[in-house]
Amino acid sequence: SVPVPEAPATGNGPEITRTRLLSPQRAEIEPLLSRIRSDPAAIPEELQPPAAAFLGRYGREDDVSFLTHWLGDGQSGLIIPVIEAIEALAPPALMAHFPMLLASNHPIVRIRAIAALRKVDEQEAEAHLSELLASRKSEERIAGLSAAFAFPFPRIREYVLSILADEQDP
């Protein structure tokens, strides 16, 4: 049997579980925030994505400092909720991480980074979107197409029409 990692032991309050992080009772929010903040490194790996989502909803700007450390993780399952949390709490904090995120091998990470970049620099986000839409890889073009609809249609009309004209479905 595989041992289940324990929740962070520091602090009082409710045990940190996936369910509590995703659907906390009102009275659990502050105690959960305290436990996470007291020792973020003690959060088991499988609870980091819901912890990031929890912080995005209930955290504050100074929580971004340890969330940015989780951006270095290679798994898109963690990076997406971390991007969303930082975007909700302090979008400019992503600036130093955009080069890495926009160069990710995971199209979903790239489109999420483009959406976050759009809040900080719309023209730069549009340039990265056009790069994704012009990719030789169909999965990247499809990902770009789904991200494109977050932009005002007049700004992306030409990209979309160009892709639709170029796509050849056998």
- Might you point out which heavy atoms bring E61 and A90 nearest each other, and give the distance in Å? CG-CB, 3.6 Å
- Relative to each other, are the rings of F66 and W70 parallel, tilted or perpendicular (30° and 60° limits)? perpendicular
- Distance, nearest 0.5 Å, that separates CD of Q48 from CD1 of I36: 11.0 Å
- Note on the structure: Rounded to the nearest 0.5 Å, the CZ atom of R155 sits from the CD atom of E122 at a distance of 5.0 Å
- Scanning both residues in full, the closest heavy-atom pair of A88 with G56 reads CB-O, 3.6 Å
- Message: Less than 4.5 Å apart, side chain to side chain, heavy atoms only: is that true for F151 and I114?
- Response: yes
- Backbone of D62 reached by a side-chain donor or acceptor of S65 within 3.5 Å: yes
- Please report the closest heavy-atom contact between A127 and S130, naming both atoms and the distance. O-OG, 2.8 Å
- Decide yes or no for L94 and V120: does some side-chain heavy atom of the first lie under 4.5 Å from some side-chain heavy atom of the second? no
- Hey, quick one: are L102 and I108 part of the same hydrophobic cluster, counting side-chain heavy atoms closer than 4.5 Å, chains of contacts allowed? yes
- Report the C-alpha separation of I142 and E139 in whole Å, then their side-chain angles, then the decisive distance to 0.1 Å, and conclude whether the side-chain contact (heavy atoms from CB on, under 4.5 Å) test is met. CA-CA 5 Å; I142 291 168; E139 65 271 6; 5.6 Å; no
- Within a strict 4.5 Å, meaning less than it, do heavy atoms of the E140 and R110 side chains meet? yes
- Check L21, L33, L32, D63 against Y58 for a side chain to side chain contact (heavy atoms under 4.5 Å, CB included) and give me the one that passes. L33
- Would you say R60 and R37 make side-chain contact, with heavy atoms under 4.5 Å? yes
- Check the surroundings of atom CG in N105: do more than 12 heavy atoms from other residues, nucleotides or ligands lie under 6.0 Å from it? no
- Task: State the CD1-CG distance between I156 and L133, to the nearest 0.5 angstrom.
- Result: 8.0 Å
- Query: To the nearest 0.5 Å, how far apart are OG in S23 and CD in E28?
  - Reply: 10.0 Å
- Task: Work out which heavy atom in A53 is nearest to a heavy atom in P81; give both atom names and the distance.
- Result: N-CB, 4.3 Å
- Task: List the atom of P107, the atom of A143, and the distance in Å for their closest heavy-atom pair.
- Result: CB-CB, 3.7 Å
- Query: Do the side chains of I79 and M95 join up, straight or via other hydrophobic residues, at under 4.5 Å, putting them in one cluster?
  - Reply: yes
- Message: Do P91 and I86 make a side-chain contact, defined as non-hydrogen atoms from C-beta onward lying under 4.5 Å apart?
- Response: no
- Task: Report the residue from R112, R57, K119 that forms a salt bridge (charged side-chain N to carboxylate O under 4.0 Å, His left out) with E84.
- Result: R112
- Message: Using the rule that Ile, Leu, Val, Met, Phe, Trp and Tyr join whenever any side-chain heavy atoms are under 4.5 Å apart, tell me whether L47 and L22 fall into a single cluster.
- Response: no
- Message: Quick check: do H97 and T68 have side-chain heavy atoms less than 4.5 Å from each other?
- Response: yes
- Task: Measure the CG-CG distance between L129 and L145 for me, rounded to the nearest 0.5 Å.
- Result: 9.0 Å
- Is the shortest side-chain N to carboxylate O distance from E126 to R118 below 4.0 Å? no
- Can L89 and L67 be said to form a side-chain contact (heavy atoms from CB on, under 4.5 Å), step by step? CA-CA 10 Å; L89 300 172; L67 282 169; 4.0 Å; yes
- Task: Before giving the answer on side-chain contact (heavy atoms from CB on, under 4.5 Å), spell out for I29 and F54 the whole-Å C-alpha distance, their side-chain angles and the decisive distance to 0.1 Å.
- Result: CA-CA 9 Å; I29 294 171; F54 177 82; 4.2 Å; yes
- Any side-chain heavy-atom pair of H128 and L132 under 4.5 Å: no
